[in-house]
*Asks:* 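I'd like to ask some things about the structure below.
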Amino acid sequence: MLIKVQVWDLAVRVFHWSQVVLLAGLWYTGNEGLMAQHQLLAYTLAALLIARICWGFYGSASARFSHFVASPLAAVRYLRRPVPVLGHNPAGGYMILALILLLSLQLLTGLATFDNSYISDGPLVRYLSEEWVSLASKIHKLNIDLILLCVAVHILAALWHSIRYDNVIWAMLSGYSKTANRNDAPKLRASWSYFVLVAALLVLFYYWQGAVLLRFI
């Protein structure tokens with residue numbers, strides 16, 4: 001008999017689905033040249049991402065990197081014989097790490113990207129050499145394609161896994177999944193400290209750049 005248990009805390013779920021909305025907004029505003037909106041969305045994503053990285057070290061068991069970062073061999077074995085897993089599976093864990101690294105790179109290079117106007121320039125452009133700014137701008141334009149490719153693979157894998165094995169998409173929405181043994185449920189922590197950190201980072205970014213950017217909207 002399967003028992004419903006909570007697998008994902010609110011911090012992980014809010015971060016996960018916020019990425020979907022923010023990445024869509026960043027892609028649209030970047031293509032449309034809405035750079036003030038683009039940068040504001042980027043700082044919002046940065047606050048959520050930095051807090052998520054911190055949560056990966058001290059948060060709920062299922063959110064910690066130590067819980068889902070497995071060996072490459074374990075990931076390969078899982079891909080050969082997928083089974084329902086409470087939390088990120090060994091292969092999915094590598095996708096999570098890849099997205100975190102790519103998003104971090106995108107945000108960092110965005111700070112140093114030059115686009116021929118004051119509002120479009122990243123705040124670090126004035127402090128860096130022309131060579132570094134040019135490199136950051138090129139990486140920023142190419143890296144978004146890698147992010148979108150990883151997102152597409154992630155979505156397809158989640159859909160396939162939800163149809164074939166267990167509904168990981170619903171689990172990430174509701175926070176709950178099913179298991180045969182209640183003792184397998186990961187130990188969760190209250191998410192309030194995650195949101196406090198996000199709020200503190202948003203305030204910091206607002207006073208650094210946000211107040212200026214809002215004038216251009």
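Side-chain atoms are counted along with the backbone in the values below, which use heavy atoms only and exclude waters and symmetry mates. What you see is a predicted model; the values in this text were computed from it and never measured.
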*Asks:* Are Leu22 and Leu173 joined in one hydrophobic group, where the rule is that I, L, V, M, F, W and Y side chains link up if heavy atoms are under 4.5 Å apart?
*Replies:*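 Linked within one cluster.
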*Asks:* Please confirm whether the backbone N or O of His38 pairs with a side-chain atom of Tyr28, one donor and one acceptor, at under 3.5 Å?
*Replies:*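 Such a contact is absent between Tyr28 side chain and His38 backbone.
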*Asks:* CG of Leu148 to CD1 of Ile144: how many Å apart, nearest 0.5 Å?
*Replies:*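 These two atoms lie 4.5 Å from each other.
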*Asks:* Show the numbers, then the answer: is there a side-chain contact (heavy atoms from CB on, under 4.5 Å) between Leu105 and Ile147?
*Replies:* CA-CA 10 Å; Leu105 179 62; Ile147 291 174; over 6 Å; no
*Asks:* Taking all atoms of both residues into account, what is the closest heavy-atom pair of Val5 and Ala185, and its distance?
*Replies:*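 Smallest heavy-atom distance, with atoms named: CB-CB, 3.8 Å.
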*Asks:* For Thr109 and Lys138: C-alpha separation, side-chain torsions, deciding distance, then whether side-chain contact (heavy atoms from CB on, under 4.5 Å) applies.
*Replies:* CA-CA 9 Å; Thr109 54; Lys138 291 177 182 177; over 6 Å; no
*Asks:* Quick one: are Leu103 and Leu23 in side-chain contact, heavy atoms under 4.5 Å?
*Replies:*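 A side-chain contact under 4.5 Å exists here.
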*Asks:* Using a 6.0 Å cut-off, check whether atom OH of Tyr176 has over 12 heavy atoms from anything other than its own residue.
*Replies:*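 No, OH of Tyr176 has 12 or fewer neighbouring heavy atoms, counting only those of other groups under 6.0 Å.
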*Asks:* In Å, rounded to the nearest 0.5 Å, how long is the span from CZ of Arg52 to NE2 of His16?
*Replies:*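 One finds 10.5 Å between CZ of Arg52 and NE2 of His16.
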*Asks:* Take Trp160 and Tyr165 through the test ring-ring contact (aromatic ring centres under 6.0 Å, His included) and record every step on the way to the result.
*Replies:* CA-CA 8 Å; Trp160 177 79; Tyr165 298 101; 5.5 Å; yes
*Asks:* Do Tyr206 and Leu124 belong to the same hydrophobic cluster, where Ile, Leu, Val, Met, Phe, Trp and Tyr are linked whenever their side-chain heavy atoms lie under 4.5 Å apart, directly or via other members?
*Replies:*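 Linked within one cluster.
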*Asks:* Has Tyr78 got a side-chain atom pairing as donor or acceptor with Val83's backbone, closer than 3.5 angstrom?
*Replies:*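 A pair under 3.5 Å: yes.
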*Asks:* Work out which heavy atom in Ala171 is nearest to a heavy atom in Ser177; give both atom names and the distance.
*Replies:*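 It is CB-CB, 4.4 Å.
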*Asks:* With distance as the sole test, does Tyr194 use its side chain to make a donor-acceptor pair with the main-chain N or O of Leu48 at under 3.5 Å?
*Replies:*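 At least one qualifying donor-acceptor pair exists.
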*Asks:* Out of curiosity, Phe205 CZ to Leu45 CG, how far, rounded to the nearest 0.5 Å?
*Replies:*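 Taking CZ in Phe205 and CG in Leu45, the distance rounds to 10.0 Å.
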*Asks:* Please report the shortest heavy-atom distance between Leu107 and Ala42, naming the atom on each side.
*Replies:*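 That closest heavy-atom pairing would be CD2-O, 3.4 Å.
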*Asks:* As an exercise, state the distance from CD1 of Ile53 to CZ of Phe15, rounded to the nearest 0.5 Å.
*Replies:*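 Spacing of CD1 (Ile53) from CZ (Phe15) equals 7.5 Å.
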*Asks:* Which pairs pass side-chain hydrogen bond (donor to acceptor under 3.5 Å, both in side chains) with one or both residues in residues 60-74, sequence neighbours excluded?
*Replies:*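 Those involving residues 60-74 are Asp9-Ser60.
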*Asks:* Indicate yes or no for a side-chain donor-acceptor contact from Ser137 to the backbone of Thr113 under 3.5 Å, with no hydrogens or angles considered.
*Replies:*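 Such a contact is absent between Ser137 side chain and Thr113 backbone.
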*Asks:* Do Leu101 and Val153 belong to the same hydrophobic cluster, where Ile, Leu, Val, Met, Phe, Trp and Tyr are linked whenever their side-chain heavy atoms lie under 4.5 Å apart, directly or via other members?
*Replies:*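 No; tracing contacts between hydrophobic side chains, which count when under 4.5 Å, never links both residues.
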*Asks:* Out of curiosity, does Leu204 fall in the hydrophobic cluster containing Leu111 (side-chain heavy atoms, cut-off under 4.5 Å, transitive links)?
*Replies:*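 Different clusters: Leu111 never reaches Leu204 through Ile, Leu, Val, Met, Phe, Trp or Tyr contacts under 4.5 Å.
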*Asks:* Has Trp208 got more than 12 heavy atoms of other residues, nucleotides or ligands less than 6.0 Å from its CH2?
*Replies:*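 Above 12, so yes.
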*Asks:* Over all heavy atoms of both residues, which pair between Leu79 and Ala91 is shortest? Give the atoms and the distance, please.
*Replies:*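 What the structure gives for the nearest pair is CD2-CB, 3.6 Å.
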*Asks:* When rounded to the nearest 0.5 angstrom, what is the spacing between NE2 in His161 and CD1 in Ile163?
*Replies:*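 If I round to the nearest 0.5 Å, the distance is 11.5 Å.
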*Asks:* State, to 0.1 Å, how close Ile169 and Trp17 come at their nearest heavy-atom pair, and which atoms those are.
*Replies:*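 Minimum heavy-atom contact is O-CZ2, 4.1 Å.
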*Asks:* Taking C-beta and beyond as the side chain, do Trp55 and Leu197 meet within less than 4.5 Å on heavy atoms?
*Replies:*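 Side chain of Trp55 against side chain of Leu197, heavy atoms only: no contact under 4.5 Å found.
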*Asks:* Which heavy atom in His88 sits nearest to a heavy atom in Met172, and how many Å separate them?
*Replies:*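 The pair with the smallest heavy-atom distance is CE1-CE, 4.4 Å.
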*Asks:* Atom CD of Gln19 and atom CD1 of Ile100: how far apart are they, to the nearest 0.5 Å?
*Replies:*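 Rounded to the nearest 0.5 Å, the CD-CD1 separation comes out at 7.5 Å.
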*Asks:* Report yes or no: do Leu99 and Phe57 belong to one cluster of Ile/Leu/Val/Met/Phe/Trp/Tyr joined by side chain heavy-atom distances under 4.5 Å?
*Replies:*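 The answer is yes; both residues are in one hydrophobic cluster.
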*Asks:* Answer whether the closest heavy-atom distance between the side chains of Ile96 and His154 falls below 4.5 Å.
*Replies:*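 Yes. Closest side-chain heavy atoms under 4.5 Å.
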*Asks:* Given the rule in the side-chain contact (heavy atoms from CB on, under 4.5 Å) test, do Val198 and Val14 qualify, once you have shown the distances and angles that lead to the verdict?
*Replies:* CA-CA 11 Å; Val198 170; Val14 168; over 6 Å; no
*Asks:* With distance as the sole test, does Gln6 use its side chain to make a donor-acceptor pair with the main-chain N or O of Trp8 at under 3.5 Å?
*Replies:*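 Side chain of Gln6 to backbone of Trp8: a pair is present.
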*Asks:* Looking at Arg189 and Tyr58, would you say the former's side chain and the latter's main chain have a donor-acceptor pair under 3.5 Å?
*Replies:*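 Checking the backbone N and O of Tyr58 against the side chain of Arg189, a donor-acceptor pair under 3.5 Å is found.
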*Asks:* Decide side-chain contact (heavy atoms from CB on, under 4.5 Å) for Leu73 and Arg77; before the verdict, give the C-alpha distance in whole Å, the side-chain angles of both, and the deciding distance to 0.1 Å.
*Replies:* CA-CA 6 Å; Leu73 183 59; Arg77 287 174 176 170; 3.4 Å; yes
*Asks:* Could you tell me if the side chain of Ile217 sits less than 4.5 Å from the side chain of Leu40, heavy atoms only?
*Replies:*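 Side chain of Leu40 against side chain of Ile217, heavy atoms only: contact under 4.5 Å found.
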